There are 2 protein chains.
Amino acid sequence: MTSLDRFDLKLLHILQRDARLTLGQLSERVNLSTSQCSRRLARLEREGVIQGYSLRVSPDALGLQVTAFIFLSMDKHRMDDPRSAVAALLKRDEVIECHTVTGNHDFIIKVVVGSLGALSSFLAEVVSPLDGIHDIATQVAMDTLKTNGPLRTD
Amino acid sequence: MTSLDRFDLKLLHILQRDARLTLGQLSERVNLSTSQCSRRLARLEREGVIQGYSLRVSPDALGLQVTAFIFLSMDKHRMDDPRSAVAALLKRDEVIECHTVTGNHDFIIKVVVGSLGALSSFLAEVVSPLDGIHDIATQVAMDTLKTNGPLRTD
DNA sequence: CCATTATGCGCAATAATTTTGCATAAAAGT
DNA sequence: ACTTTTATGCAAAATTATTGCGCATAATGG
């Protein structure tokens, strides 16, 4: 078990918002020396609290203009192993997120693609052919008010 | 307009997966000098292709064990300005993502909170009190098969 | 089609940042 | 209270990032 004190939480709070601050800038804000910040971060990484560092890229700049949520229901017997039921989906770069959920559907899947045409192809060529599909519903995002929001640290 | 050549795309592809590679490591993989990688990244940041750098933090380590999707419908007249209709939500740290969507509901909102109790409080104290709410539906994620997947770059 | 200009490049010097050895101080355990 | 462990800051060392410069290549314009 890993316990996080207020310094750790503050580091995580700040770095979630800008992971490119230098240790110098970080140390000012949390009131610790740079060396200690460095060591604490190393520990948080080692213990898996920090899972990685990534870029936020503008989807538009990549020509990805459509975000959609796909709701999937499977035939009952396919749900003993949810992961393998949608294994083919998880590998696809269009799939940003995939969860099993309570409610009418079994999976909720977030995809980001170039166009409505690409969404349509994805549904027809990747989702529909999956084994044991019972139902597919799709909702297209028109306006993204917030994404990749940081987790609360307090 | 910003055009991205194969080097830019390769940089974005790699850094989305690990934004902490050094310019040296990066330069090997893309076959460019470190100085040129540095300059290209500076440009991508300047032009907004790279929107920022962030941490992937383990929700569990922060005691955040519940991910849920909240579906919100508003009274018709509240939807002329979607953003202000949910402005109070966007500020909240529990809200990771918020979109307007096609279909039965107006908004889809992803939240990450500590417990089902916290989810319940959030719904009762933050969502329900919003002005002009017509309907609320919630789906709790049981298993997260993929999150924060990188965008496709090709 | 050549001249001019602009853009992209790598190298090497410089600057900035991160990591580590070490001594000290604070906590924790006995 | 005493010992052991853990956390800390400082300063040196190592690593990494940035920039000036000269050269090449490609785009622009006459």
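Keep in mind that what you see is a predicted model, and the values were worked out from it rather than measured.
- Not a single donor-acceptor pair, N or O on each side, falls under 3.5 Å between the base of C/dC9 and the side chain of B/S35.
- Put simply, the side chain of B/R39 and the base of C/dG10 share a donor and an acceptor less than 3.5 Å apart.
- When the P atom of D/dA7 is taken as reference, atom CZ of A/R43 falls 7 Å away, rounded to whole Å.
- Protein atom CG of A/D5 is 12 Å distant from nucleotide atom P of C/dA27, rounded to whole Å.
- With respect to the salt-bridge test (charged N to carboxylate O, under 4.0 angstrom), the residues B/K10 and B/D8 do not qualify.
- In the set D/dT18, C/dG10, C/dT17, C/dT17 carries the atom at the smallest distance from any side-chain atom of A/T22.
- Residue B/Q36 places its side chain closer to C/dG8 than to any other of D/dG20, D/dC10, C/dG8.
- In the model, B/T2 has a side-chain atom that pairs as donor or acceptor with a side-chain atom of B/E47 under 3.5 Å.
- Using cut-offs of 30° and 60° for the angle between ring planes, the B/H99 and A/F69 rings count as perpendicular.
- Nearest-nucleotide positions on DNA chain C place B/N31 closer to the 5' end than the other of A/L23 and B/N31.
- One can place CZ of B/R40 at 9 Å from P of C/dG10, the figure rounded to the nearest angstrom.
- Comment: B/D154 engages B/R152 in a salt bridge, judged by a side-chain N to carboxylate O separation of less than 4.0 angstrom.
- Among the protein residues, B/R20 comes within range of no part of the nucleic acid, since none of its heavy atoms lies under 4.0 Å from any strand.
- For B/E94 and B/K110, the salt-bridge test fails: no basic side-chain N is under 4.0 Å from an acidic carboxylate O.
- Look at CG on A/L26: it is 16 Å from C1' on C/dA16, rounded to the nearest Å.
- Rounding to whole angstrom units, CG of residue A/D8 and C1' of D/dT8 are separated by 14 Å.
- Rounding to whole angstrom units, CG of residue B/L32 and C1' of C/dG10 are separated by 10 Å.
- B/L11 places its CG atom 14 Å from the C1' atom of C/dC9, with the value rounded to the nearest Å.
- The nucleotide whose nearest atom lies closest to any side-chain atom of B/F7 is, among C/dC22, D/dT16, C/dC9, C/dC9.
- Taking atom CZ of A/R46 as the reference point, atom P of D/dT6 lies 12 Å away to the nearest angstrom.
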